[in-house]
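All residue numbers in this chain count up from 1 along the given sequence.
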Amino acid sequence: MKKFLGVIFGCLLGQLHYAQASKRTGFCYDLTEVLKVEPTPLYKPHLDASKSFGVKLLKDTKAVQKYINSGKFHKIKKSGKGFRVQKLDYSRPYMVSKAKATLEKMAARFSKETKGHTFTVSSMTRTLEDQCRLRKVNSNASLGISSHNYGNSFDISYIRFNDVLKYNPKMEVALEKVLKYYANAGRIYYIKEKQQSCYHITVRNY
(Lines give C-alpha, C1' and ligand atoms only; values in the text may rest on other atoms or scores of the structure.)
Protein backbone atom coordinates (compact mmCIF):
# COMPACT_ATOMS: atom_id res chain seq x y z
CA MET A 1 0.00 0.00 0.00
CA LYS A 2 2.83 2.36 0.93
CA LYS A 3 4.54 1.58 -2.38
CA PHE A 4 1.30 2.33 -4.25
CA LEU A 5 0.83 5.64 -2.43
CA GLY A 6 4.46 6.47 -3.15
CA VAL A 7 3.91 5.96 -6.87
CA ILE A 8 0.78 8.14 -6.82
CA PHE A 9 2.60 10.86 -4.87
CA GLY A 10 5.53 10.68 -7.29
CA CYS A 11 3.19 11.07 -10.27
CA LEU A 12 1.51 14.07 -8.67
CA LEU A 13 4.88 15.68 -7.99
CA GLY A 14 5.91 15.02 -11.58
CA GLN A 15 2.75 16.64 -12.92
CA LEU A 16 3.23 19.63 -10.61
CA HIS A 17 6.84 20.01 -11.74
CA TYR A 18 5.78 19.81 -15.41
CA ALA A 19 3.05 22.42 -14.89
CA GLN A 20 5.48 24.76 -13.14
CA ALA A 21 8.11 24.25 -15.85
CA SER A 22 5.52 24.88 -18.54
CA LYS A 23 4.51 28.09 -16.83
CA ARG A 24 8.13 29.23 -16.55
CA THR A 25 9.02 28.49 -20.16
CA GLY A 26 5.71 29.43 -21.75
CA PHE A 27 5.58 25.93 -23.27
CA CYS A 28 2.13 25.50 -24.78
CA TYR A 29 2.43 23.19 -27.76
CA ASP A 30 3.07 19.53 -28.45
CA LEU A 31 5.88 19.29 -31.01
CA THR A 32 4.79 15.80 -32.04
CA GLU A 33 1.32 17.09 -32.86
CA VAL A 34 2.71 20.14 -34.64
CA LEU A 35 4.87 17.96 -36.89
CA LYS A 36 1.90 15.73 -37.76
CA VAL A 37 0.03 18.55 -39.50
CA GLU A 38 0.40 18.21 -43.26
CA PRO A 39 0.84 21.45 -45.24
CA THR A 40 -1.59 22.18 -48.06
CA PRO A 41 -0.28 21.88 -51.64
CA LEU A 42 -0.44 25.69 -51.87
CA TYR A 43 1.63 26.13 -48.71
CA LYS A 44 4.19 23.33 -49.17
CA PRO A 45 6.49 25.37 -51.50
CA HIS A 46 6.73 28.00 -48.73
CA LEU A 47 7.97 25.43 -46.23
CA ASP A 48 10.37 23.86 -48.73
CA ALA A 49 11.83 27.30 -49.45
CA SER A 50 12.15 28.04 -45.74
CA LYS A 51 14.10 24.87 -45.04
CA SER A 52 16.67 25.73 -47.72
CA PHE A 53 18.30 28.48 -45.63
CA GLY A 54 19.87 26.15 -43.08
CA VAL A 55 17.79 27.46 -40.18
CA LYS A 56 16.36 24.87 -37.82
CA LEU A 57 12.74 25.06 -36.71
CA LEU A 58 12.59 27.97 -34.22
CA LYS A 59 11.09 26.73 -30.99
CA ASP A 60 11.78 29.60 -28.59
CA THR A 61 13.58 32.88 -27.91
CA LYS A 62 16.84 31.06 -27.21
CA ALA A 63 16.82 29.60 -30.73
CA VAL A 64 16.27 33.03 -32.29
CA GLN A 65 19.03 34.57 -30.18
CA LYS A 66 21.45 31.88 -31.34
CA TYR A 67 20.97 32.92 -34.97
CA ILE A 68 21.22 36.61 -34.07
CA ASN A 69 24.52 35.99 -32.26
CA SER A 70 25.91 33.99 -35.17
CA GLY A 71 25.03 36.75 -37.66
CA LYS A 72 22.48 34.60 -39.49
CA PHE A 73 19.52 36.80 -38.50
CA HIS A 74 19.48 40.53 -39.18
CA LYS A 75 17.29 43.14 -37.52
CA ILE A 76 14.64 44.88 -39.61
CA LYS A 77 14.25 48.60 -38.94
CA LYS A 78 10.87 49.97 -37.90
CA SER A 79 10.71 51.89 -41.16
CA GLY A 80 12.50 52.31 -44.44
CA LYS A 81 11.88 53.51 -47.96
CA GLY A 82 8.42 52.25 -48.90
CA PHE A 83 7.60 50.35 -45.70
CA ARG A 84 6.65 50.61 -42.06
CA VAL A 85 6.61 47.82 -39.47
CA GLN A 86 3.62 47.79 -37.17
CA LYS A 87 3.93 46.85 -33.48
CA LEU A 88 4.82 43.17 -33.37
CA ASP A 89 3.15 41.33 -30.49
CA TYR A 90 3.54 37.79 -31.82
CA SER A 91 6.62 37.92 -34.03
CA ARG A 92 10.16 39.31 -34.06
CA PRO A 93 11.85 41.88 -36.37
CA TYR A 94 14.66 39.56 -37.49
CA MET A 95 15.12 37.63 -40.71
CA VAL A 96 17.83 35.97 -42.79
CA SER A 97 19.82 38.41 -44.95
CA LYS A 98 18.11 37.48 -48.24
CA ALA A 99 14.66 38.03 -46.73
CA LYS A 100 15.71 41.39 -45.33
CA ALA A 101 17.19 42.50 -48.65
CA THR A 102 14.15 41.30 -50.59
CA LEU A 103 11.75 43.14 -48.29
CA GLU A 104 13.74 46.35 -48.68
CA LYS A 105 13.91 46.02 -52.48
CA MET A 106 10.19 45.30 -52.75
CA ALA A 107 9.41 48.31 -50.57
CA ALA A 108 11.67 50.59 -52.63
CA ARG A 109 10.00 49.40 -55.82
CA PHE A 110 6.56 49.98 -54.29
CA SER A 111 7.60 53.49 -53.22
CA LYS A 112 8.87 54.29 -56.71
CA GLU A 113 5.73 53.03 -58.46
CA THR A 114 3.38 54.84 -56.05
CA LYS A 115 5.42 58.05 -55.80
CA GLY A 116 6.40 57.73 -52.15
CA HIS A 117 3.67 55.67 -50.52
CA THR A 118 4.39 52.98 -47.92
CA PHE A 119 3.02 49.52 -47.14
CA THR A 120 2.85 47.95 -43.68
CA VAL A 121 4.66 44.80 -42.54
CA SER A 122 2.39 43.12 -40.00
CA SER A 123 4.37 40.01 -39.04
CA MET A 124 7.83 38.49 -39.39
CA THR A 125 9.76 35.69 -37.70
CA ARG A 126 7.87 33.58 -35.17
CA THR A 127 8.91 30.81 -32.81
CA LEU A 128 6.59 27.88 -32.09
CA GLU A 129 5.91 29.51 -28.72
CA ASP A 130 4.98 32.80 -30.44
CA GLN A 131 2.68 30.87 -32.73
CA CYS A 132 1.04 29.14 -29.80
CA ARG A 133 0.40 32.48 -28.06
CA LEU A 134 -1.02 33.87 -31.30
CA ARG A 135 -3.37 30.92 -31.63
CA LYS A 136 -4.89 31.79 -28.26
CA VAL A 137 -6.18 35.08 -29.69
CA ASN A 138 -6.50 34.03 -33.33
CA SER A 139 -7.96 30.59 -34.02
CA ASN A 140 -6.91 30.91 -37.69
CA ALA A 141 -3.21 30.82 -36.80
CA SER A 142 -1.41 27.76 -38.14
CA LEU A 143 -1.66 24.56 -36.09
CA GLY A 144 1.36 23.09 -37.83
CA ILE A 145 4.74 24.43 -38.87
CA SER A 146 4.74 27.86 -40.46
CA SER A 147 7.32 29.32 -42.82
CA HIS A 148 7.49 32.15 -40.26
CA ASN A 149 9.28 29.60 -38.05
CA TYR A 150 12.44 29.77 -40.18
CA GLY A 151 13.17 33.49 -40.48
CA ASN A 152 12.43 34.06 -44.17
CA SER A 153 8.72 34.95 -44.23
CA PHE A 154 6.81 38.13 -43.54
CA ASP A 155 3.27 39.46 -43.96
CA ILE A 156 2.20 42.70 -45.65
CA SER A 157 -1.20 44.17 -44.86
CA TYR A 158 -3.40 45.06 -47.82
CA ILE A 159 -5.68 47.28 -45.74
CA ARG A 160 -3.00 49.52 -44.18
CA PHE A 161 -0.97 51.92 -46.31
CA ASN A 162 0.85 55.07 -45.15
CA ASP A 163 0.07 54.04 -41.55
CA VAL A 164 -3.65 54.40 -42.21
CA LEU A 165 -6.01 51.48 -41.61
CA LYS A 166 -8.35 51.87 -44.56
CA TYR A 167 -9.24 49.89 -47.65
CA ASN A 168 -7.32 51.40 -50.55
CA PRO A 169 -7.87 49.45 -53.79
CA LYS A 170 -5.38 51.57 -55.73
CA MET A 171 -2.55 50.80 -53.28
CA GLU A 172 -3.53 47.14 -53.09
CA VAL A 173 -3.27 46.81 -56.87
CA ALA A 174 0.15 48.48 -56.78
CA LEU A 175 1.31 46.13 -54.02
CA GLU A 176 0.15 43.02 -55.87
CA LYS A 177 1.93 44.24 -58.99
CA VAL A 178 5.19 44.30 -57.02
CA LEU A 179 4.49 40.86 -55.55
CA LYS A 180 3.81 39.39 -58.97
CA TYR A 181 7.05 40.87 -60.31
CA TYR A 182 9.13 39.20 -57.58
CA ALA A 183 7.18 35.93 -57.80
CA ASN A 184 7.70 35.76 -61.58
CA ALA A 185 11.40 36.47 -61.03
CA GLY A 186 11.59 33.37 -58.81
CA ARG A 187 12.41 35.32 -55.66
CA ILE A 188 9.27 34.84 -53.56
CA TYR A 189 6.11 32.86 -53.05
CA TYR A 190 3.03 34.66 -51.81
CA ILE A 191 -0.51 33.89 -50.70
CA LYS A 192 -3.37 36.32 -50.16
CA GLU A 193 -4.79 35.59 -46.72
CA LYS A 194 -8.30 36.96 -46.64
CA GLN A 195 -8.99 36.24 -42.97
CA GLN A 196 -5.85 38.13 -41.90
CA SER A 197 -6.14 40.87 -44.56
CA CYS A 198 -2.53 40.37 -45.56
CA TYR A 199 -0.21 38.83 -48.13
CA HIS A 200 1.96 36.07 -46.71
CA ILE A 201 5.36 36.28 -48.42
CA THR A 202 8.12 33.68 -48.28
CA VAL A 203 11.51 34.56 -49.72
CA ARG A 204 13.16 31.84 -51.80
CA ASN A 205 16.85 31.02 -51.60
CA TYR A 206 17.55 32.39 -55.08
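- Note that CD1 of Ile145 is 5.5 Å distant from NZ of Lys51, once rounded to the nearest 0.5 Å.
- With values rounded to the nearest 0.5 angstrom, Ile156 atom CD1 is found 11.5 Å from Ser123 atom OG.
- Tyr181 and Tyr190 fall within a single hydrophobic cluster, where Ile, Leu, Val, Met, Phe, Trp and Tyr are joined by side-chain heavy atoms under 4.5 Å apart, directly or via other members.
- Scanning both residues, His74 and Lys72, for their nearest heavy atoms gives CD2-O, 3.6 Å.
- Under the 4.5 Å side-chain criterion, counting only non-hydrogen atoms from C-beta, Gln131 is in contact with Ser146.
- A chain of hydrophobic side-chain contacts below 4.5 Å, direct or via other Ile, Leu, Val, Met, Phe, Trp or Tyr residues, connects Leu103 to Tyr206.
- Side-chain contact check for Gln196 and Asp155: no donor-acceptor pair (N or O, by modelled atom type) lies under 3.5 Å.
- Closest of all the heavy-atom pairs between Glu104 and Phe83 is CG-CE2, 4.4 Å.
- Contact detail for Ile201 and Tyr199: the closest heavy-atom pair is CD1-O, 3.3 Å.
- For the residue pair Asp130/Thr127, the side-chain donor-acceptor check at 3.5 Å is satisfied.
- Although no hydrogens or angles enter the test, the distance criterion places a donor-acceptor pair under 3.5 Å between the side chain of Ser70 and the main chain of Tyr67.
- With Phe119 as the aromatic partner, Arg84 does not meet the cation-pi criteria of under 6.0 angstrom to the ring centre and within 45 degrees of the ring axis.
- For the pair Lys166 and Phe161, the cation-pi test (distance below 6.0 Å, angle within 45°) is failed.
- Using a 30° and 60° split on the angle between ring planes, His46 and Tyr189 fall in the tilted class, from 30° to 60°.
- Between Arg133 and Glu129, no side-chain nitrogen of the basic residue sits less than 4.0 Å from a carboxylate oxygen of the acidic one, so the salt-bridge criterion is not met.
- Note: His200 and Tyr43 meet the aromatic proximity criterion, with ring centroids under 6.0 Å apart.
- The nearest pair of heavy atoms linking Thr114 to Ala174 is CG2-CB, 3.6 Å.
- One finds the CD1 atom of Ile68 at 7.5 Å from the CZ atom of Phe73 (value rounded to the nearest 0.5 Å).
- Crowding of Lys192 atom NZ: a count of heavy atoms from other residues, nucleotides or ligands under 6.0 Å exceeding 12.
- Salt-bridge check for Arg160 with Glu172: failed, with every basic side-chain N at 4.0 Å or more from each acidic carboxylate O.
- For the pair Ile76 and Met124, the tightest heavy-atom approach, listed with the atom from each and the gap, is CG1-SD, 3.5 Å.
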Residues Arg92, Val64; criterion side-chain contact (heavy atoms from CB on, under 4.5 Å); working and verdict: CA-CA 9 Å; Arg92 300 145 193 266; Val64 175; 4.0 Å; yes

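- Across every non-hydrogen atom of Ser147 and Leu47, the tightest pair is N-CD2, 3.6 Å.
- A donor-acceptor contact closer than 3.5 angstrom links the side chains of Thr202 and Ser153.
- At a threshold of 4.5 Å between non-hydrogen side-chain atoms, the residues Lys98 and Asn152 do not count as touching.
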